Amino acid sequence: MKNREITYIICICLLFLGGNGIAQKQKHPNIVFIAIDDINDWVSPLSGNTQAITPSMDKFTKNGAMVFKNAVCAAPICGPSRSALLSGFLPSTSGVYGNAHNMLYSEIVKENATLPEYFSKNGYYTLANGKIFHKHGTANGTDFGHWAFNEFARARRYNNDPVNKKKYTSSKAGIINGVENENYKNKKAKLSWGPTTDAFEETVDYKVAYWAKSQLKRSFDKPFFMGVGFIKPHLPWIVPQQFFDLYKLDEIVPPKVNSTDLDDILTPEGKKAYKPTEEYKWIKKHGLEKDATRAYLASISFVDACLGIVIDALEQSKYANNTIVVVWGDHGWHLGEKQRYLKNTTWLEAVKTPLFVRIPGMKKAVVVDQNVSLIDLYPTLIELSGLPEKENLDGHSFSNILKNPKAEWEYPGITITQDGTSVLKGKWHYMITVDGTEQLYNIEKDPLEWENLITNKKYSHIVTDLKKWVPVKRKKSSKLRFKKMKNYVDAPADPTIKPTRNLDELN
């Protein structure tokens, strides 16, 4: 054999061994975990509103991601939803039903590692910026969820995205498009919007995105779990003017509203269970349906642009081919449907939320119908990352669906509030409150949920089947509470929490 041939063979062997060594050095994939606050299905990949302009989500999914068309949150409000996802326990298990309930005071959370803690416990380097956990006041500062990560940054500190007062609208302040009038005021309503005076690059969510972009240029000696938490489209809808300009006000089409929508939802005593909210009445009184719709759409387009910064940075990084990406919204949002705005209901607008997952090797968008839940992310990411199984979680791994879109999935999407439970399974959506008020909708024929079928005996077998998934027992919430201090967003992160979370002792 000639010397040149021997040299060639040696080089090939060394290249193989070197590559194999790199693979062994990091056999677990990285995780980029992107949270978006208060975003409903008004994004292009889900077609919830065809007016929405979300090119970054389109690009991300089309280049390779699974789009979960019927994913649900575990709770339809920020704190409980995030607590469920990150702890792995439904509100009925943890007792975390409202934003005032801190998961740290739940007995089961005290004994179990949260999702980022579990990854840290099993060899990952964890880091985050923005809103991943919900914030709470403590006896020693503010709980930002910082304790759950090896490294935690705070882009929102000392940055408030100030509004252009000449174009500001606020129900509580009694201002519409910069004009203050006592007749405009409704102190019970919680809506506000307008363009910020910040340039795009000065906004909080841009700084979160830019931080993530910077981290992806780092060299990590361990696989990493990176949390990226965007605040918008959470209220107030204050984003740069350029995103309002994407939508012409006179061309905006608000959601359809049925004036008799709530008439067929009755309590066991036969009384109407729901009435229009103050936000809905305020919008209707002042004819602001188009304005509110545009402001929400502008906020979605803004956060989509921030998302694009992170995805582009990842795709240009050395981590592009060994990273799982999860893009999730914590719950949906009403924009007039069911005669209300805001969230925290068990109707479809509040319980459905975007969920896109990319695993290495995906090359195109795949849309699936299975009713997975955000509660399922914890066990799914564990399995995909090759970490030890955690057997006591409430969710179920949907990794089989990621590998085979037609894989069977027996579980419904369960969403729990302080007052009731939603069970979404296929075309059927069943709801029951703690006082016994029930609803049933065929969302295939009635996607806006205008016809409550609960009194139709023809569907009693459907109700019986779905009712089996409603938790029989509900854990009581801890009574330990601390008020948020003034300017709590800028306050110091409580340094006393992390020492109490001994990873060696947590399950």
Side-chain angles (χ1 to χ4, degrees), residues 40 72-77 80-81 90-92 97-101 186 188-191 255-285 331-353 412-425 427-474 476-477:
N40 61 15
V72 305
C73 57
I77 190 169
S81 172
L90 289 166
S92 51
Y97 301 100
N99 282 343
H101 304 160
N186 185 329
K188 295 181 180 179
K190 303 175 183 178
L191 296 177
K256 294 180 181 179
V257 177
N258 181 352
S259 61
T260 62
D261 197 3
L262 305 176
D263 292 354
D264 61 356
I265 308 171
L266 305 176
T267 68
E269 294 75 34
K271 298 179 180 179
K272 287 180 66 173
Y274 302 99
K275 59 183 179 181
T277 65
E278 292 298 321
E279 288 79 16
Y280 176 78
K281 290 188 285 186
W282 184 77
I283 290 284
K284 190 172 179 63
K285 177 182 177 180
H331 49 72
W333 226 88
H334 288 265
L335 269 296
E337 307 95 339
K338 293 293 176 184
Q339 298 178 28
R340 64 216 328 103
Y341 286 74
L342 307 184
K343 51 206 173 187
N344 205 17
T345 76
T346 52
W347 287 303
L348 214 55
E349 285 80 11
V351 302
K352 282 184 63 177
T353 191
I414 300 172
T415 304
I416 296 173
T417 71
Q418 181 86 56
D419 303 317
T421 302
S422 156
V423 181
L424 183 63
K425 190 175 184 182
K427 66 181 180 180
W428 297 107
H429 189 195
Y430 171 73
M431 288 161 270
I432 183 169
T433 63
V434 292
D435 71 0
T437 300
E438 294 180 287
Q439 299 172 68
L440 178 70
Y441 300 98
N442 181 336
I443 61 172
E444 190 176 273
K445 295 181 178 180
D446 180 23
L448 296 177
E449 300 185 319
W450 283 355
E451 183 182 4
N452 185 7
L453 302 171
I454 197 65
T455 58
N456 191 329
K457 293 183 180 180
K458 176 181 176 181
Y459 304 107
S460 58
H461 66 291
I462 301 292
V463 173
T464 300
D465 178 59
L466 297 179
K467 202 168 185 176
K468 294 176 183 177
W469 295 96
V470 177
V472 176
K473 295 183 179 180
R474 285 173 157 250
K476 290 185 178 180
S477 58

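Predicted model only: the values in this text are computed from it and were never measured.
Judged by distance alone, the side chains of D419 and T417 never bring a donor and an acceptor atom under 3.5 Å apart.
Side-chain contact between L335 and N40 is present, with at least one heavy-atom pair separated by less than 4.5 Å. No side-chain heavy atom of L342 sits less than 4.5 Å from a side-chain heavy atom of T277. Under the 4.5 Å side-chain criterion, counting only non-hydrogen atoms from C-beta, I462 is not in contact with L453. Considering only heavy atoms from C-beta on, W347 comes within 4.5 Å of I265 through its side chain. When side chains are defined from C-beta on, V434 counts as touching R474, because their heavy atoms get closer than 4.5 Å. Contact check for I416 versus P471: side-chain heavy atoms found under the 4.5 Å cut-off. At least one side-chain heavy atom of K425 sits under 4.5 Å from a side-chain heavy atom of D465. Looking only at side-chain heavy atoms (C-beta outward), W450 and Y441 stay at 4.5 Å or farther from each other.
For the atom pair CD1 of I432 and CG of L466, the computed distance is 11.5 Å after rounding to the nearest 0.5 Å. Rounding to the nearest 0.5 angstrom, the gap separating the OG1 atom in T346 from the CD atom in Q439 is 6.0 Å. If you take OG1 on T345 and NE2 on H331, they are separated by 10.5 Å, rounding to the nearest 0.5 Å. Taken to the nearest 0.5 Å, the NZ atom of K338 stands 8.0 Å off from the CG atom of N258. A distance of 10.5 Å separates OH in Y274 from OG1 in T267, rounded to the nearest 0.5 Å. Once rounded to the nearest 0.5 Å, the distance linking OG of S460 with CG of L440 reads 10.0 Å.
A pairwise comparison of heavy atoms in P76 and T415 identifies CD-CG2, 3.6 Å as the closest pair. When all heavy atoms of L348 and P447 are compared, the closest pair comes out as CD2-O, 3.8 Å. The shortest non-hydrogen separation linking A350 to C73 is O-SG, 3.8 Å. Between P80 and A75, the shortest heavy-atom contact is CB-CB, 3.5 Å. When all heavy atoms of T353 and G332 are compared, the closest pair comes out as CB-N, 4.3 Å. Nearest approach of V72 to G413, heavy atoms of both residues: CG2-CA, 3.5 Å.
Residue pairs meeting the salt bridge (Lys or Arg N to Asp or Glu O under 4.0 Å) criterion with at least one partner in residues 267-281, sequence neighbours excluded, are D263-K272, E278-K281.
With N452 contributing its side chain and D264 its backbone, the two residues share a donor-acceptor pair below 3.5 Å. Panel note: side chain N344, backbone I77; no donor-acceptor pair is recorded below 3.5 Å.
Here T464 pairs with nothing under the side-chain hydrogen bond (donor to acceptor under 3.5 Å, both in side chains) rule; sequence neighbours left out.
A side chain to side chain donor-acceptor pair (under 3.5 Å) with H429 is found for exactly one of K352, E449, E444, namely E449.
In this structure, Y459 has its ring center under 6.0 Å from that of W428.
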